[in-house]
Amino acid sequence: MAVQYEKRGNIAYVTIDNPQKANILDRPTSDEIAEVWKEIWDDWDVRVTILTGKGDRHFCAGHNLATRPDITPEERERIRSEAIFWPPSGTVNGAAKIGADGRLGDHYPQIWKPVVGAINGWAAGAGFYLMLTSTDIRIASAENARFKFALLSQGWVGNGPGATYLMKQIAYADVMRILLTDEPFDAQEALRMNLINEVVPHDSLMTRAVEVANHIAGLPPLAVRMMKEFVIRFRDTPVTEAWRVQTLMNTLLTQLSADGDEGRQAFIEKRPPEFTGSIRQKGEPYPDVDEEQRARLDEVRRELLG
């Protein structure tokens with residue numbers, strides 16, 4: 001197995017485990033991680049995931065650039081040219097198989113559950129993309145984490161969404177230096193750019209990742225999931241439209257989940273909340289009201305919402 005998957009409580013642990021090949025995303029590894037992300041998404045008990053690489057040298061050092069030995073250079077170039085016009089079915093832009101997220105490939109998955117990246121070593125090429133697309137909170141090893149876009153220096157701009165995601169996450173000047181120089185940089189520089197959240201000693205990397213994951217796992221899972229989905233889906237939407245969607249999401253959470261009541265009740269009772277992610281059953285419609293009752297409801301609504 002090139003990907004190790006373990007679940008402890010409400011936390012899933014995903015480890016890319018082919019350190020002899022720098023934890024690269026070859027086809028077997030991509031296939032395995034795609035199935036793992038689907039399992040995480042469908043498992044109601046999983047509230048947060050920690051993604052890391054095996055060992056202390058590589059988080060993920062990219063794709064496997066070697067082709068099958070029986071494919072000639074001429075065949076490879078023909079396939080690439082034909083894919084421009086006829087991308088294979090079941091792929092995203094002809095570059096990767098559809099995975100847990102239909103907008104991104106199987107090895108660039110994005111699910112609505114939070115993912116903490118424990119960057120234990122090199123994140124280069126596809127590994128850099130994986131960090132950008134699949135992790136939300138990033139903690140890096142002070143001694144071992146290194147970052148590199150790793151394509152322009154080979155004459156490529158890349159098939160994956162790395163450059164697009166990078167532009168959305170850090171400042172323009174830093175984006176251009178990463179892309180146009182294609183030089184590696186360390187964890188402290190990544191922190192300065194706000195590409196990652198924290199830098200910790202390597203021996204403390206997983207301990208800190210687990211602390212963050214445990215905190216998130218203790219929050220209301222439906223609200224956490226919907227907050228991540230809202231930010232990703234609507235970050236490019238005009239404020240008034242995004243605000244409307246956020247209001248609708250909040251109404252769904254307060255009306256159809258039990259966690260909203262639990263949070264308020266725990267606050268009143270001055271105790272820690274116990275969030276379950278429970279969803280309410282559909283109930284009976286509200287009874288009709290007379291004019292006097294309607295006038296009172298309208299008055300209260302204006303007071304509360306006006």
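Keep in mind that what you see is a predicted model, and the values were worked out from it rather than measured.
Between the Glu262 side chain and the Phe275 main chain, no donor and acceptor come within less than 3.5 Å of each other. A donor-acceptor pair is defined here as one N or O able to donate and one able to accept, closer than 3.5 Å; such a pair exists between the side chain of Arg138 and the backbone of Met131. Between the side chain of Arg146 and the backbone N or O of Pro184, no donor-acceptor pair lies under 3.5 Å. Formation of a donor-acceptor pair under 3.5 Å by the Lys228 side chain with backbone atoms of Ile111 is found in this model. Side-chain atoms of Asp259 come within 3.5 Å of backbone atoms of Gly277 as a donor-acceptor pair (strictly under, hydrogens ignored). Under a 3.5 Å cut-off, the side chain of Thr52 and the backbone N or O of Ala118 do form a donor-acceptor pair. A donor-acceptor pair under 3.5 Å is absent between the side-chain atoms of Glu229 and the main chain of Trp112, judged by distance alone. Although no hydrogens or angles enter the test, the distance criterion places a donor-acceptor pair under 3.5 Å between the side chain of Asn144 and the main chain of Asp56. With Gln4 contributing its side chain and Asp17 its backbone, the two residues share no donor-acceptor pair below 3.5 Å. No side-chain donor-acceptor contact under 3.5 Å links Asn120 to the backbone of Ser141.
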What verdict does the side-chain contact (heavy atoms from CB on, under 4.5 Å) test give for Lys21 and His58, after you've listed the backbone C-alpha separation in whole Å, the side-chain angles of each residue and the deciding distance to 0.1 Å?
CA-CA 9 Å; Lys21 294 183 179 180; His58 300 98; over 6 Å; no

Let's go through Lys148 and Asp182 carefully: what are the C-alpha distance in whole Å and the side-chain angles of both, what is the deciding distance for side-chain contact (heavy atoms from CB on, under 4.5 Å) to 0.1 Å, and is it a yes or a no?
CA-CA 7 Å; Lys148 182 176 170 64; Asp182 210 12; 3.9 Å; yes

Would you please test Leu248 and Leu252 for side-chain contact (heavy atoms from CB on, under 4.5 Å) and show each step?
CA-CA 6 Å; Leu248 290 172; Leu252 289 172; 5.6 Å; no

After noting the C-alpha distance and the side-chain angles of Glu75 and Arg78, does the key distance pass the salt bridge (Lys or Arg N to Asp or Glu O under 4.0 Å) rule?
CA-CA 5 Å; Glu75 289 174 326; Arg78 175 172 180 166; over 6 Å; no

side-chain contact (heavy atoms from CB on, under 4.5 Å) between Val14 and Ile40, worked out
CA-CA 10 Å; Val14 179; Ile40 289 170; 3.6 Å; yes

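Gln265 is listed as a side-chain neighbour of Arg271, based on a closest heavy-atom distance under 4.5 Å. Proximity of Trp37 to Val3: side-chain heavy atoms (C-beta onward) are nowhere separated by under 4.5 Å. In this structure, the side chains of Met206 and Ile50 come closer than 4.5 Å at one or more pairs of heavy atoms. Side-chain atoms of Lys7 and Glu39, non-hydrogen and from C-beta on, never get closer than 4.5 Å to each other.
Of the inter-residue distances, the one linking Tyr165 atom OH with Ser134 atom OG reads 8.5 Å to the nearest 0.5 angstrom. Between atom CG of residue Asp26 and atom CD of residue Glu32 there is a gap of 8.5 Å, rounded to the nearest 0.5 Å. Interatomic distance, Ile119 CD1 to Phe128 CZ, rounded to the nearest 0.5 Å: 10.0 Å. Within the model, atoms CD1 of Ile196 and CD1 of Ile170 stand 11.0 Å from one another, a figure rounded to the nearest 0.5 Å. With rounding to the nearest 0.5 angstrom, the CD1 atom of Ile24 is 9.5 Å from the OG atom of Ser30. Note: Ile71 CD1 to Glu77 CD = 11.5 Å, rounded to the nearest 0.5 Å.
Taking every heavy atom of both residues into account, Val224 and Pro114 meet most closely at CG1-CG, 3.3 Å. Taking each heavy atom of Ala126 and Leu25 in turn, the nearest pair found is CB-CD1, 4.0 Å. Ala187 and Val199 make their closest contact through O-CG2, 3.6 Å (heavy atoms, listed as atom of the first residue, atom of the second, distance). Of all the heavy atoms in Asn23 and Phe59, the pair that sits closest is CB-O, 3.5 Å. A pairwise comparison of heavy atoms in Pro221 and Thr276 identifies CG-C, 4.2 Å as the closest pair. Taking both residues in full, the closest heavy atoms of Val200 and Leu205 are given as CG2-CA, 3.7 Å, listed atom of the first, atom of the second, then distance.
The number of heavy-atom neighbours closer than 6.0 Å to CG of Asp288, taken from other residues, nucleotides and ligands shown, is 12 or below. Other residues, nucleotides and ligands contribute at most 12 non-hydrogen atoms within 6.0 Å of the CD atom of Glu274. When the shell of 6.0 Å around CD of Glu291 is examined, it contains 12 or fewer heavy atoms from other residues, nucleotides or ligands. Heavy atoms of other residues, nucleotides or ligands lying less than 6.0 angstrom from CE of Met226 number more than 12. Around CZ of Arg225, the count of heavy atoms belonging to other residues, nucleotides or ligands within 6.0 Å exceeds 12. By the neighbour-count criterion of 12 heavy atoms within 6.0 Å, atom CD of Glu269 is densely surrounded, having more than that number from other residues, nucleotides or ligands.
By the criterion of side-chain heavy atoms lying less than 4.5 angstrom apart, applied directly or through intervening Ile, Leu, Val, Met, Phe, Trp or Tyr residues, Tyr172 is grouped together with Ile178 in one hydrophobic cluster. Neither Val115 nor Val210 shares a network with the other; the hydrophobic side chains, linked directly or stepwise wherever heavy atoms of I, L, V, M, F, W or Y lie under 4.5 Å apart, form separate groups for each. The hydrophobic cluster containing Val231 does not contain Ile137, counting ILVMFWY residues as joined when their side-chain heavy atoms lie under 4.5 angstrom apart, directly or transitively. Tracing side-chain contacts under 4.5 Å through hydrophobic residues (I, L, V, M, F, W, Y), one reaches Tyr5 starting from Ile16; they form part of the same cluster. Leu297 and Tyr286 fall into different hydrophobic clusters, where Ile, Leu, Val, Met, Phe, Trp and Tyr are joined by side-chain heavy atoms under 4.5 Å apart, directly or via other members.
With salt bridges taken as basic N to acidic carboxylate O contacts below 4.0 Å, one links Arg27 and Asp31. Salt bridge status for Arg192 with Glu189: present, with a side-chain N to carboxylate O gap under 4.0 Å. Under a 4.0 Å N-O distance rule, the pair Asp298/Arg301 qualifies as a salt bridge. Salt bridge annotation for Lys38-Glu35: present, with a cationic side-chain nitrogen under 4.0 angstrom from a carboxylate oxygen. Using a 4.0 Å cut-off between charged nitrogen and carboxylate oxygen, Arg244 and Glu241 do not count as a salt-bridge pair.
Below 30°, between 30° and 60°, or above 60°: for Phe185 and Phe147 the angle between ring planes is below 30°, a parallel geometry.
Of the residues listed (Ile216, Asp136, Val46), the one engaging Lys113 in a side-chain contact (heavy atoms from CB on, under 4.5 Å) is Val46, and it is the only one.
Looking only at atom types and distance, the side chain of Asn250 has no donor-acceptor partner in the side chain of Thr247 under 3.5 Å away.
Residues passing the ring pair (Phe, Tyr, Trp, His ring centres under 6.0 Å) test with Phe230 are Phe234, sequence neighbours excluded.
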